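Written out below as structure tokens is the structure these notes cover.
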Amino acid sequence: MWDKMPANGHNFFSDSQQSSERLQKIFDYVYANVPFFQKRYQDAGLAPGSIRSLDDLKQIPFSNKLDLRDNYPLGLVATKPEKIVRLHASSGTKGKPTIVAYSQADIDLLAEVCARSLAACGVRAGDILQNSFGYGLFTGGLGLHYGAERLGATVLPASSGQSQKQVMLLRDLGARALACTPSYALNLVCTMDEMGIEPDMLNLEIGIFGAEPWSEKLREELQARLKVSAFDIYGLSEIIGPGVAIECTAKNGLHIWDDHFLPEIIDPKTQKVLPPGAEGELVLTSLTKQALPLIRYRTGDISCLLPEPCACGRTQVRMARINSRLDDLLIIRGVNLYPQEVARVLEQFKELSSHYQVIVDRQKALDTLEILVEVSAEHTNEELDALSHKAGSMVKDLLGLTAEITLVPPKSLPRSEGKTIRVIDRRVN
Ligand code: DLL
């Protein structure tokens with residue numbers, strides 16, 4: 001459909017004229033400063049000045065995580081080394097981390113988009129933000145830290161871990177907003193229970209949760225148990241870190257700060273651009289980055305663009321919440337399975353908690369699937385048998401896979417301070 005759109009067909013971006021100018025500029029800049037991409041663009045028949053409008057975007061070849069891996073650690077940097085003021089890294093599950101570089105202008109941009117994100121969910125100058133995203137190589141801690149300071153809020157740089165101390169600080173300093181991964185927020189809720197701290201004893205009103213997929217059920221649970229309004233924040237190190245997109249108070253998708261990050265949705269198989277509303281892989285172009293600008297970066301995240309106007313009045317295009325990644329896809333006995341689909345089945349049982357783990361193995365050339373899930377309270381053995389049988393049948397009916405459902409006691413699965421590991425794939429492929 002985009003192919004058939006007129007030249008001004010990208011009118012769902014907040015300022016298409018500005019985005020178009022920025023795209024032309026960033027293309028010429030990457031061409032001139034990153035030899036790896038210059039070669040790729042030459043091979044595609046492009047030269048400086050080839051990109052003259054948003055419509056030309058589709059001519060530019062994609063970039064992806066492999067490009068970063070092949071040019072490890074800093075081969076895609078577009079600035080002189082002395083311009084780099086910060087390095088971060090995202091932990092890959094396999095092999096080396098992805099290293100990302102920032103100039104001072106990039107750090108200012110990170111602060112700007114994180115400040116906007118915090119403001120969109122109601123954080124104001126003078127509020128205390130307890131920032132329990134991990135500080136260090138991960139972009140979450142420092143990104144939101146700079147954003148909160150830019151906004152004029154007071155940051156408590158709690159980082160993740162030491163849950164009892166975190167709860168004490170929440171109570172004693174009275175933060176109005178808490179930022180962390182949703183799984184760590186759940187951890188804090190359990191610690192509050194153990195310490196006998198009720199949500200009414202805190203001053204919290206806003207939860208800013210992200211960096212991993214989380215469900216509406218978990219949102220409801222966190223809202224009820226922390227007495228907050230919970231917002232989904234999205235981002236990735238390669239593009240900037242946190243603050244690429246966030247929900248506003250309308251909570252109807254996440255606004256992408258499209259004056260800096262230009263989104264597209266593609267069919268991951270054909271690589272064709274899909275029309276607004278269609279689900280596919282999110283592709284982002286960083287329009288204003290200096291040190292590590294990436295054009296048409298394939299995020300691997302599955303979403304869709306929601307171009308309709310938002311009730312909040314913001315004009316930045318929205319995207320649907322991310323429930324899955326392309327590389328999460330498990331193929332078990334030929335059946336495709338996203339771990340989040342398992343979560344959606346388990347959510348239907350009130351006796352089961354949100355803590356689960358999927359274990360895939362191979363025995364005598366046959367794939368096996370085990371789902372470990374914590375029960376939310378004590379049950380008799382008969383009740384447990386009946387429950388696991390019922391959950392197993394529902395997995396079979398809805399997902400087409402036979403699974404062994406192992407119900408485990410509350411708090412027995414590993415808890416994480418950052419991103420939770422949901423899948424253990426023991427197959428040697
Ligand atoms: O997770 C940046 C971040 C920090 C985002 C704090 C939000 C808050 P990475 O470690 O590079 O960067 O991981 C990026 O995490 O491609 C998604 O697959 C996933 N992800 C991030 N936010 C969300 C979200 C940070 N709200 C990868 N929902 C991304 C679902 C998310 N997945």
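Remember, predicted model here, so these are calculated numbers, not experimental data. Both ligands and their constituent atoms are indexed starting at 1 by order of listing.
- Remark: Arg427 engages Asp425 in a salt bridge, criterion side-chain N to carboxylate O under 4.0 Å.
- Between Lys58 and Glu264 there is no salt bridge, since no side-chain N of the basic residue sits under 4.0 Å from a carboxylate O of the acidic one.
- Residue contacts with ligand 1: Gly241 is placed with no nitrogen or oxygen under 3.5 Å of a nitrogen or oxygen of the ligand (distance criterion only).
- Proximity of Phe138 to ligand 1 is established by a heavy-atom distance of less than 4.0 Å.
- A cation-pi arrangement is not found for Arg314 relative to Trp257, the charged atom failing to lie both closer than 6.0 Å to the ring centre and inside a 45° cone about the ring normal.
- For a threshold of 3.5 Å applied to N or O pairs, the pair formed by Ser237 and ligand 1 contains at least one separation below that value.
- With Phe13 as the aromatic partner, Arg22 does not meet the cation-pi criteria of under 6.0 angstrom to the ring centre and within 45 degrees of the ring axis.
- Interface of Thr139 with ligand 1, defined as ligand atoms under 4.0 Å from a residue heavy atom, comprises 2 (C).
- Residue contact check for ligand 1: Arg321 places no non-hydrogen atom closer than 4.0 Å to it.
- With a 4.0 Å heavy-atom cut-off, ligand 1 is reached by the backbone of Ile322 and by its side chain too.
- Glu374 has a carboxylate O that lies under 4.0 Å from a charged side-chain N of Arg415, or vice versa, which qualifies the two as a salt bridge.
- Any N or O atom pair closer than 3.5 Å counts here, and Ala211 shares at least one such pair with ligand 1.
- A donor and an acceptor atom, one from each side chain of Glu347 and Ser215, are located under 3.5 Å apart.
- Neither the backbone nor the side chain of Val244 has a heavy atom within less than 4.0 Å of ligand 1.
- Nearest protein neighbour of atom 28 (N) of ligand 1, counting heavy atoms only, is Glu212 O, 3.3 Å.
- Between the side chains of Gln104 and Asp108, at least one donor-acceptor pair of N or O atoms lies under 3.5 Å.
- Within ligand 1, the atoms closer than 4.0 Å to a non-hydrogen atom of Gly140 are 4 (C), 6 (C), numbered from 1 in the order shown.
- In the vicinity of Leu236, heavy-atom distances shorter than 4.0 Å reach the ligand 1 atoms 11 (O), 12 (O), 14 (C), 16 (O).
- Remark: the Glu404 side chain and the Thr368 side chain contain no N/O donor-acceptor pair separated by less than 3.5 Å.
- Under 3.5 Å, the side chains of Ser354 and Glu221 contain a donor-acceptor pair of N or O atoms.
- The pair Glu216-Arg219 counts as a salt bridge, with a side-chain nitrogen and a carboxylate oxygen less than 4.0 angstrom apart.
- Nearest to atom 16 (O) of ligand 1 among the protein's heavy atoms is Asp301 OD2, 2.7 Å.
- The nearest protein atom to atom 25 (C) of ligand 1, hydrogens excluded, is given as Gly235 O, 3.6 Å; this is a heavy-atom distance.
- Nearest protein heavy-atom contact of atom 15 (O) of ligand 1 is Lys419 NZ, 3.3 Å.
- Residue, atom and distance of the protein heavy atom nearest to atom 8 (C) of ligand 1 are Phe133 CZ, 3.6 Å.
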